[in-house]
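First comes the structure, then the notes that go with it.
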Amino acid sequence: MATESIKYLAPDTENKAKTQVFPRPGQHTTGLIDWLTTIDHKKIGLMYGMTALFFLIVGGLEALLIRSQLWDHNMDVLTNRQYNQMFTMHGTTMVFLVIMPLSAAFFNYLMPLQIGARDVAFPRMNALSLWCFIGGGLILNLSWFFTGGSPAIGWFGYAPLTDTRFAEVVGDMGPDFWIFSLQILGVASLLASFNFITTIINMRAPGMTMMRLPVFTWMTLIVSFLIILAFPAITIALVELMFDRTYGTNFYDFLEGGKPHLWQHLFWIFGHPEVYILILPAMGIVSEVIPVFSRKPLFGYGLIVFSGAIIGFMGFAVWSHHMFTTGMGVVATSAFAMLTMLIAIPTGVKIFNWIGTMWGGRIRFDTPMLFALGFITMFMIGGFTGIMHSSVPIDAQHQDSYFVVAHFHYVLIGGALFGLFCGFYFWLPKMTGRMLNEKLGKFVFTLMFLGFNLTFFPMHYLGMIGQPRRTHTYNEGHGFETWNQIATIGAFILGVGIVIGIYQFVSAFFNKKLKPAGSNPWDARTLEWALSSPVKEYNFARTPIIKAKDQAWENNYGPRENHAEKEPLDDHGVHMPDRSWWPLVTALGLFGLAIGMLFHRNIDPSGELVRDYTAPILAGSVAVIGMIMWALEGPGGYHLFPKENDE
Amino acid sequence: MSDASAHALEHHEPVTSTGIPNKKVLMWAFLGSDCMFFGTLISTHLIYRKISATVGGNFLDIRDVFDIELTSFSTFILLASSLFMALGVSAIHKGNLKSMRWMLFGTIIFGAIFLACQVYEFTHFIHAPGNELTLSTYRGEPHVFGSTFYVLTGTHGTHVAIGVFWLIGWLAYSFTGKMSVAHAIDIEICGLYWHFVDIVWIIIFPVIYLMEYAL
Ligand code: HEM
Ligand SMILES: [Cu+2]
């Protein structure tokens with residue numbers, strides 16, 4: 001219990017005006033300033049989502065260029081360097097600028113609603129996370145315009161590809177942009193995760209015990225822990241690499257005593273938990289969707305939560321399966337092979353839970369359900385190939401072949417992306433207040449499902465017959481052409497499907513002709529469906545008192561004693577925190593710091609290297625000032641007085 | 001809609017589900033994450049210490065460059081600073097602003113002494129005649145010891161510096177007349193951070209320094 005002495009009183013608002021450089025936007029702010037200064041978790045979630053959908057198009061175009069280059073043997077749509085840049089940018093974009101932020105978008109929008117909270121624990125920090133994400137995405141893509149163009153080092157950035165001495169282009173800045181962009185994106189992810197952890201642990205409505213949390217919220221919590229424990233490994237690896245490239249240290253410089261192998265370890269200590277960071281949110285989404293469209297409670301709630309936690313935990317103990325062919329020695333290799341096989345068990349458990357949920361249910365095949373079913377089937381294929389290359393001798397065949405490309409696209413597109421699209425089709429009615437066109441949705445699903453399988457299924461075969469990955473072309477006579485052409489056709493079909501899907505998502509916000517959704521169009525179970533669509537800015541007029549799991553369902557169908565109650569209206573009204581400029585200013589400072597560091601080195605006329613820290617110091621000061629002003633302005637706030645049931 | 005609204009008259013931190021203030025949960029989560037940051041740096045150092053134990057064909061004896069008396073002294077200073085920090089937290093809980101100021105001041109000074117020692121140590125090592133340890137060389141030969149050592153201890157030093165500036169911020173704030181027992185939680189999380197950074201040094205000191213003397 002909070003003792004009397006540490007009860008926190010926010011600094012009184014009277015003093016607010018004095019500490020302002022530019023005035024704090026008030027309660028009635030609208031338009032651009034509202035979006036720039038908002039601290040509402042729903043708006044932040046939407047901006048996260050829309051930016052990520054934009055990057056999905058960027059990353060998708062890169063993929064289509066790759067597929068065009070592989071259409072036939074010895075094509076030259078792209079030079080070999082451009083090809084390397086393309087798959088580097090594609091991979092980095094899809095992982096860090098698409099799947100992770102799309103997941104973050106759902107975390108932001110839904111998690112507070114699902115636990116009965118009015119916002120996250122630190123709303124301004126949430127805004128900072130958003131702006132850092134956008135800044136990091138910009139930095140990565142700015143690399144196209146400077147010396148050497150984009151990085152050509154793979155999304156894994158293996159040493160010694162990143163060694164300045166082996167740069168194909170003198171003074172290549174691509175890897176530097178990559179390093180700084182990932183650092184800023186790391187800040188974004190870490191801030192968001194600290195925030196989500198605090199929110200879920202501390203801001204649940206009365207009665208919302210941990211074992212009543214919706215599975216999606218559980219996955220948010222687990223993924224947040226994965227992020228805060230896994231990102232440090234890559235952050236430090238990147239710091240070391242930055243020092244190598246900027247100050248000549250020897251961490252990964254094998255000519256001076258460093259070991260490139262260490263990079264691989266640090267990268268994959270982050271990298272394997274990262275793949276679970278990518279998939280668990282999608283698993284959370286389908287765990288919400290399948291019960292609704294099967295009209296049955298989730299089968300084995302506890303088991304799903306528990307296996308999610310086990311996956312998260314074990315995810316830290318299997319990283320070396322990405323390094324089976326590096327010669328780690330028999331003991332290490334066998335241990336990692338065994339652990340990798342083991343981790344498939346909790347993954348399989350979840351699949352059985354979903355099947356068990358559908359078993360005997362009254363299944364409705366609306367678009368969200370189709371995507372959920374697509375998720376299960378295709379994730380299973382990806383899981384099977386994963387178990388295949390947990391076997392070391394088999395992996396020696398798969399490594400660096402298209403077979404691995406097939407594996408991870410089955411888990412990442414068939415799994416993560418289908419899960420996220422499922423989430424859009426399921427929750428957009430809640431976010432926009434409008435139903436999406438079912439026919440168009442089913443058309444998108446069909447295109448994506450067909451296109452996806454046409455693209456990636458043949459890659460299993462191509463890998464088996466020896467097509468190497470990360471190689472810009474192939475010679476005649478290997479029999480690679482036909483399947484590559486099928487894959488390329490599939491990729492364009494998938495692309496068209498995704499673009500129509502994105503169009504459908506975005507237009508849902510503007511198209512007034514769509515049917516109104518009402519508060520609970522799917523007859524769903526969790527707390528957010530008890531609110532109006534779109535949700536009011538204060539979420540809950542009165543804090544709900546939770547009586548059961550699946551509270552919205554219990555309210556409609558459950559016994560009386562399971563109906564949620566509500567806390568009485570507060571005479572003070574609903575306290576809303578004020579908007580703020582400082583998250584944006586701080587993020588701009590960090591952005592400038594990164595850009596400043598990228599350009600602080602110059603060669604003067606005599607050929608000497610000169611370092612000029614003016615720009616980074618100035619930009620860094622902006623960030624520091626932003627943080628100080630942020631601290632001084634305090635959370636602030638105004639009060640709203642909603643009617644009793646206006647929520 | 002809710003038209004009537006008024007500016008906040010009374011604010012109070014909502015009761016949290018666990019009873020632990022949000023800021024404290026946040027700090028604990030951050031410290032958990034920070035463990036992994038230092039874990040990665042320390043393991044990098046130890047791995048290289050083992051596999052790159054020679055320089056120019058000779059066994060690398062870093063005792064030639066370390067100044068263990070100085071580092072022991074600065075270790076002692078940092079440990080002592082934690083006492084001030086703890087007393088500062090306890091003072092603000094009791095609402096004793098004056099005592100808190102002195103304690104924060106002591107923490108800041110000791111933190112600054114530690115940092116000064118580190119700056120001295122770094123410059124001293126880089127220029128140690130005949131035993132120059134730079135970011136990329138030892139005695140003029142390429143080596144990783146300097147890389148791992150400086151980046152690890154430098155990261156720790158950065159943590160201390162951030163802590164010092166943070167405390168200076170609160171010390172300055174305490175003179176604005178707005179500080180009360182209500183801010184105890186803020187000082188408390190500063191304290192958590194400070195003690196954590198201290199504990200990390202308690203690991204770094206034996207593992208990176210003392211172990212070199214145990215051979
Ligand atoms: C049943 C669970 C899984 C197992 C046993 C498994 C196993 C593996 C193994 C052994 C590799 C290394 C293959 C090689 O390079 O030779 C690999 C690669 C990969 N896996 Fe999985 N995996 C599983 C699930 C996932 C999931 C859920 C994701 C992401 C959502 C994922 C994403 C990836 C990626 C991106 C790579 C390639 C990384 C690269 O080399 O760039 N995997 N997987
Ligand atoms: Cu893996």
Side-chain angles (χ1 to χ4, degrees), chain A residues 1-2 5-13 15 27 121-122 190 193-195 197-198 201-204 208 228-233 235-237 239-240 243-244 247-251 253 255-259 262 266 269 538 572-575 628 631 635-643 646, chain B residues 1-23 25-26 29-30 32-41 44 47-48 51-52 55 93-95 135-137 142-144 146-148 150-151 155 165 169 173 178 180-186 188:
Chain A
M1 279 285 103
S5 58
I6 57 172
K7 197 186 258 169
Y8 177 71
L9 293 156
D12 68 333
T13 35
N15 293 310
Q27 180 190 346
F122 303 98
L190 286 170
S193 302
F194 293 138
N195 215 340
I197 290 174
T198 311
I201 291 185
N202 249 359
M203 297 184 60
R204 287 165 285 128
M208 180 58 90
I228 69 167
L229 298 177
F231 263 72
T235 305
I236 293 302
V239 166
E240 294 174 348
F243 267 88
D244 270 9
Y247 300 106
T249 51
N250 301 331
F251 287 103
D253 184 342
L255 293 174
E256 316 252 275
K259 302 278 176 215
L262 179 69
L266 295 185
I269 287 174
Y538 45 79
H572 304 306
V574 176
H575 173 244
I628 293 175
Y638 54 89
H639 284 179
L640 292 176
F641 296 91
K643 301 230 173 52
D646 187 19
Chain B
M1 260 303 283
S2 39
D3 296 309
S5 68
H7 254 281
L9 302 169
E10 271 178 78
H11 285 270
H12 48 88
E13 186 83 330
V15 185
T16 64
S17 312
T18 53
I20 306 168
N22 284 342
K23 288 184 184 177
V25 175
L26 176 81
F30 169 74
S33 187
D34 219 16
C35 281
M36 300 301 282
F37 281 98
F38 280 110
T40 311
L41 282 164
T44 304
I47 290 166
Y48 277 134
I51 62 181
S52 305
V55 55
H93 271 305
K94 296 193 193 102
L135 270 174
S136 52
T137 60
H143 204 270
V144 260
S147 310
T148 59
Y150 287 123
V151 174
T155 305
F165 283 113
Y173 191 77
K178 286 185 240 160
S180 68
V181 69
H183 291 94
I185 176 66
D186 296 293
E188 205 174 318

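Within every chain, numbering begins at 1; the chains are lettered A, B, ... in the order of the sequence lines, protein sequences first and strands thereafter. Only this structure's heavy atoms are used, side chains among them; waters, hydrogens and symmetry mates stay out.
Contact of A:Ile628 with chain B is not made at all, since no heavy-atom distance falls under 4.5 Å. Using a 4.5 Å cut-off between heavy atoms, A:Tyr247 contacts chain B through both its backbone and its side chain. For A:Ile201, the parts lying under 4.5 angstrom from a heavy atom of chain B are both the backbone and the side chain. In this structure, chain B has heavy atoms under 4.5 Å from both the backbone and the side chain of A:Leu229. B:Ser52 touches chain A through its side chain: at least one heavy atom from C-beta onward sits under 4.5 Å away, while N, CA, C and O do not.
Considering only heavy atoms from C-beta on, B:Ser147 stays 4.5 Å or farther from B:Tyr48 through its side chain.
Remark: the backbone N or O of A:Phe122 is paired with a side-chain donor or acceptor of A:Asn195 at under 3.5 angstrom.
Ranked by non-hydrogen atom pairs under 4.5 Å with chain B, the options A:Pro232, A:Gly257, A:Ala121, A:Ala233 are led by A:Pro232. Ranked by heavy-atom pairs under 4.5 Å with chain A, the first of B:Leu26, B:Thr155, B:Leu135 is B:Leu26.
The two residues B:Thr40 and B:Met36 make their nearest non-hydrogen contact at OG1-O, 2.7 Å. Of all heavy-atom pairs spanning A:Asn250 and A:Asp244, the tightest one is N-OD1, 3.3 Å. When all heavy atoms of B:Tyr173 and B:Lys178 are compared, the closest pair comes out as OH-CB, 3.7 Å.
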Test side chain to side chain contact (heavy atoms under 4.5 Å, CB included) applied to A:Lys259 and B:Ile47, step by step: CA-CA 10 Å; A:Lys259 302 278 176 215; B:Ile47 290 166; over 6 Å; no
